[in-house]
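Everything below concerns the one structure shown next.
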Amino acid sequence: MSLAEARQHMLKDHLMARGVHDERVLAAMAQVPRERLIAPALYSAAYDDRALPIDAGQTISQPYIVALTAQELKLSPTDRLLEIGTGSGYAAAIYAELVSRVYTMERHAELAERARRHLTELGYRNIEVRCGDGTLGWAEHAPYQAIAVAAAGPVVPPALLAQLAVGGRLIMPVGGPDLQHLLRVTRSSPSTLTQEDLGAVQFVPLISDPER
Ligand code: SAH
């Protein structure tokens, strides 16, 4: 199967068949070349419906989870989005197709640098990558209409909730090391947060800097 065929297979059998129906999200998933964000040795697996290893013991997220997150964040073209856990940069590229600006944070410097280089090579001009502890958020550009956390922890870090705009949506895997629930938190008024469970998932851990 060619990469183009594999990408079509991903769209139809992994995404649409499992409930991803947002046309803008499907168009973004059809657009971003996942193979350009992973090691060449993994090219043939680029559109497999699973996480794949990247450096520093981390993973590029499963396409279905990226698409589900993008859909359930209800992104609009004028949104500013904060992502915690840049990893390969794949999800950042998907989000960049859907919002006006993406701010993405990664604690591993080598991953941040590589993602920055790859995203520039792919022509993205609306993504800023910063190396740092994402549990503190990125106050400079807050508030965000959307926040996507790509690593799991026992609770949503308070700094991220503080940087969520009124009407903003945050999605994060919350739970223990082996199993989490993907939660969507919506700030429906300045003082009201509502929480919904989007299902069981498995992510790498969110590690804050004092634990390093
Ligand atoms: N969205 C990525 C998947 C990344 S996996 C992709 O599409 O490829 C989660 C990433 O979160 C890892 O790269 C890990 O290093 C990073 N991470 C974990 N804790 C973090 C923290 N406190 N701040 C920033 N990044 C963190």
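Each ligand, and each atom within it, is numbered from 1 in the order the structure gives.
- The single protein non-hydrogen atom nearest to atom 5 (S) of ligand 1 is T59 O, 3.2 Å, given as residue, atom name and distance.
- A salt bridge links R169 to D79: at least one charged side-chain nitrogen sits closer than 4.0 Å to a carboxylate oxygen.
- T78 and S76 share a side-chain donor-acceptor pair at under 3.5 Å.
- For A92, the closest heavy-atom approach to ligand 1 does not fall below 4.0 Å.
- Closest non-hydrogen pair, I38 versus L52, comes out as CD1-CD1, 4.0 Å.
- The V204 neighbourhood of ligand 1 comprises atoms 5 (S), 9 (C), with distances under 4.0 Å to a heavy atom of that residue.
- Considering backbone and side-chain N/O atoms, E83 comes within less than 3.5 Å of an N/O atom of ligand 1.
- Of all atoms in ligand 1, numbered sequentially from 1 with element shown, those under 4.0 Å from a heavy atom of I60 are 8 (O).
- Looking at atom 13 (O) of ligand 1, its nearest protein heavy atom turns out to be E106 OE1, 2.7 Å.
- Between R18 and D49 there is a salt bridge, since at least one side-chain N of the basic residue sits less than 4.0 Å from a carboxylate O of the acidic one.
- Considering both main-chain and side-chain atoms, G134 comes within under 3.5 Å of ligand 1 through a nitrogen or oxygen pair.
- Per-residue contacts place Y90 under 4.0 angstrom from the following atoms of ligand 1 (heavy atoms of the residue considered): 7 (O).
- Using cut-offs of 30° and 60° on the angle between ring planes, the pair H9 and H14 is perpendicular.
- In terms of protein heavy-atom proximity, atom 25 (N) of ligand 1 is closest to R107 N, 3.2 Å.
- Taking 4.0 Å as the cut-off, P205 counts as a neighbour of ligand 1 on heavy-atom distance.
- Judged by distance alone, with hydrogens and angles left aside, the side-chain atoms of R80 form no donor-acceptor pair with the main-chain N or O of Y144 at under 3.5 Å.
- Looking only at protein heavy atoms, the nearest one to atom 8 (O) of ligand 1 is S88 OG, 2.6 Å.
- Using a 3.5 Å distance cut-off with no hydrogens or angles, the side chains of E35 and Y47 do pair a donor with an acceptor.
- A salt bridge is defined here as a Lys NZ or Arg NE, NH1 or NH2 lying under 4.0 Å from an Asp or Glu carboxylate O, and D48 with R50 meets this definition.
- An N or O contact shorter than 3.5 Å links A91 to ligand 1 by distance.
- Here the protein heavy atom with the shortest distance to atom 11 (O) of ligand 1 is G85 CA, 3.1 Å.
- What sits closest to atom 14 (C) of ligand 1 on the protein, heavy atoms only, is Q58 OE1, 3.3 Å.
- Between the side chains of T86 and E106, no donor-acceptor pair of N or O atoms lies under 3.5 Å.
- For atom 9 (C) of ligand 1, the nearest non-hydrogen atom of the protein is A150 O, 3.3 Å.
- Nearest to atom 22 (N) of ligand 1 among the protein's heavy atoms is I207 O, 2.7 Å.
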N/O donor to acceptor pairs below 3.5 angstrom from side-chain atoms of residues 150-167, sequence neighbours left out:
from : atom 1 : to   : atom 2 : distance (Å)
Q163 : OE1    : W138 : N      : 2.8
Q163 : NE2    : L136 : O      : 3.2

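- Residue-ligand proximity: T86 is placed with a non-hydrogen atom under 4.0 Å from ligand 1.
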